[in-house]
2 protein chains.
Amino acid sequence: MASARKLGAQNSKTRDALIKATTQVMIDEGYAAVTTRRVAAEAGVNPALVYYYFATMDELFLEVFRRGAEANLERQRQSLSAERPLHALWEVSTGPFGAKLLMEFMALANHRKDIRVEIARYIERFREIQQAAFTFLLRAQGVNVDDMPPVLLSIMLGSFASILVNEQTLGIELGHAELTAFVERLIAGLEPPTPNSERT
Amino acid sequence: MASARKLGAQNSKTRDALIKATTQVMIDEGYAAVTTRRVAAEAGVNPALVYYYFATMDELFLEVFRRGAEANLERQRQSLSAERPLHALWEVSTGPFGAKLLMEFMALANHRKDIRVEIARYIERFREIQQAAFTFLLRAQGVNVDDMPPVLLSIMLGSFASILVNEQTLGIELGHAELTAFVERLIAGLEPPTPNSERT
DNA sequence: GTCTATACTTCGATAGAC
DNA sequence: GTCTATCGAAGTATAGAC
């Protein structure tokens, strides 16, 4: 494992396909379904190529996580510069990578230390950025930060998105309508539509 | 798999040890670490005994889940008849089975249909019971159910407990103090200490 | 870069002695 | 009820031809 073997180019098309395929398998069937052969089949390439591009399966997992994390941070960045940042952010959080993949990685992290560290760093980074943005946002709305600290808003929204997405996978709906309504009321109060903003 | 082989008694001590060992391995290292040999070693019994007591590994997982679920429902029942039900319930929710094991099972459910159904049923049952109890509790406190529907309170507390416990595993603390304070304020408001209740 | 072939390990599951 | 022994399948990973 992890020998001095040379690896293929970072910008290879096949490498991209493997990362994409792994992501898909994780979302569809969970991390335990990710095997050399399964991923190669999904990507439509030869199984041996996995080891041409990645030293170990763990490296593949890490790369999938990094890609997803960066993509998510980028989506977050765009949300924060949108007309109504909180609304845009909520859309992103309830999307596919926002919660479903993250739960898979958290479960995976339970017995892979390298991955655990990477995930922890990402979540903290994600939350710090939101905290900074929310600080301005709430101040602009005249919200008292003792009633609603920015970091609290961040962790609450993240936790709500997570439970909604993951329970939806199980086919659970009980309480979801109420929670969604609550979130919409909350962010509408913190971020009323401006006169010249388009309707939703 | 799942042949007509006869299984050992349900009340066997060895069987209990296997269930307990599996639970522990899942909490410590995640469901992917659960193998015939690993579980047997943890329980201090011979690996072949796993198949004497369970038809398949999936059956073992299901039994672990059912045990944990029943134990949790029982703890919930006791909480609801405590002096301050919300406070007691919050304690239980942030305990070991409340969130950590549940996440493992949700991840496991991603590629095992039988388990998915069982988990969905359990969560709904759990939430329905809370909803019923909270309906009385909130009414007694004169809370308007339009502001705080009982099922919303249930799903919110569950989601908060989940994020706190699971992030704690990763060593994340950012926002946790604020969230904990928020929950304590929330449930203290809904459930003020009665004159003759002991101090906490 | 991509393929075939294969070494090595571990897993789930069973058979049968005790 | 518990043990040893083992089978077949599937996993990670590598070597080497093309």
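Reckoned from all heavy atoms, side chains included, excluding hydrogens, waters and symmetry mates. A, B, ... follow the sequence lines: proteins, then strands. Residue 1 opens every chain.
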Novice: Taking the six-membered ring for Trp and the full ring for Phe, Tyr or His, determine whether the centres of B:F160 and A:F160 are under 6.0 Å apart.
Specialist: yes

Novice: Taking only N/O atoms, report every protein-nucleotides 2-4 of chain D pair under 3.5 Å with atom names and distance.
Specialist:
{"residue": "D:dT2", "atom": "OP1", "partner": "B:T14", "partner atom": "OG1", "Å": "3.1"}
{"residue": "D:dT2", "atom": "OP2", "partner": "B:T14", "partner atom": "OG1", "Å": "3.2"}
{"residue": "D:dT2", "atom": "OP2", "partner": "B:Y53", "partner atom": "OH", "Å": "2.9"}
{"residue": "D:dC3", "atom": "OP2", "partner": "B:N46", "partner atom": "N", "Å": "3.2"}
{"residue": "D:dT4", "atom": "OP2", "partner": "B:N46", "partner atom": "ND2", "Å": "3.0"}

Novice: Which parts of residues 29-43 of chain A get close to DNA chain C, meaning a heavy atom less than 4.0 angstrom away?
Specialist: none

Novice: Send over the distance from B:L60 CG to C:dC11 P, rounded to a whole Å.
Specialist: 15 Å

Novice: So, the side chain of A:R127 versus the backbone of B:L174: is there a donor-acceptor pair under 3.5 Å, distance only?
Specialist: yes

Novice: So which atom in B:E124 and which in A:E173 form the shortest heavy-atom distance, rounded to 0.1 Å?
Specialist: OE2-N, 4.3 Å

Novice: Nearest whole Å is fine: how far is C:dT14 P from B:M57 CE?
Specialist: 13 Å

Novice: Apply the test side-chain contact (heavy atoms from CB on, under 4.5 Å) to residues A:L86 and A:L153: give CA-CA distance (whole Å), side-chain angles for both, the deciding distance (0.1 Å), then the verdict.
Specialist: CA-CA 10 Å; A:L86 283 177; A:L153 182 59; 4.1 Å; yes

Novice: Flag the pair B:Y122 / B:F65 as yes when their ring centroid distance falls below 6.0 Å, and as no otherwise.
Specialist: yes

Novice: Without decimals, in angstroms, what is the distance between B:F54 CZ and D:dG1 C1'?
Specialist: 14 Å

Novice: Under the rule for salt bridge (charged side-chain N to carboxylate O under 4.0 Å, His left out), what residues qualify as partners of A:R38, not counting sequence neighbours?
Specialist: A:E29, A:E42

Novice: If you measure only the distance, is there a donor-acceptor pair under 3.5 Å linking the side chains of A:Y31 and B:N110?
Specialist: no

Novice: Would A:R139 count as a cation-pi partner of A:F136, with NZ or CZ less than 6.0 Å from the six-membered ring centre and within 45° of the ring normal?
Specialist: yes

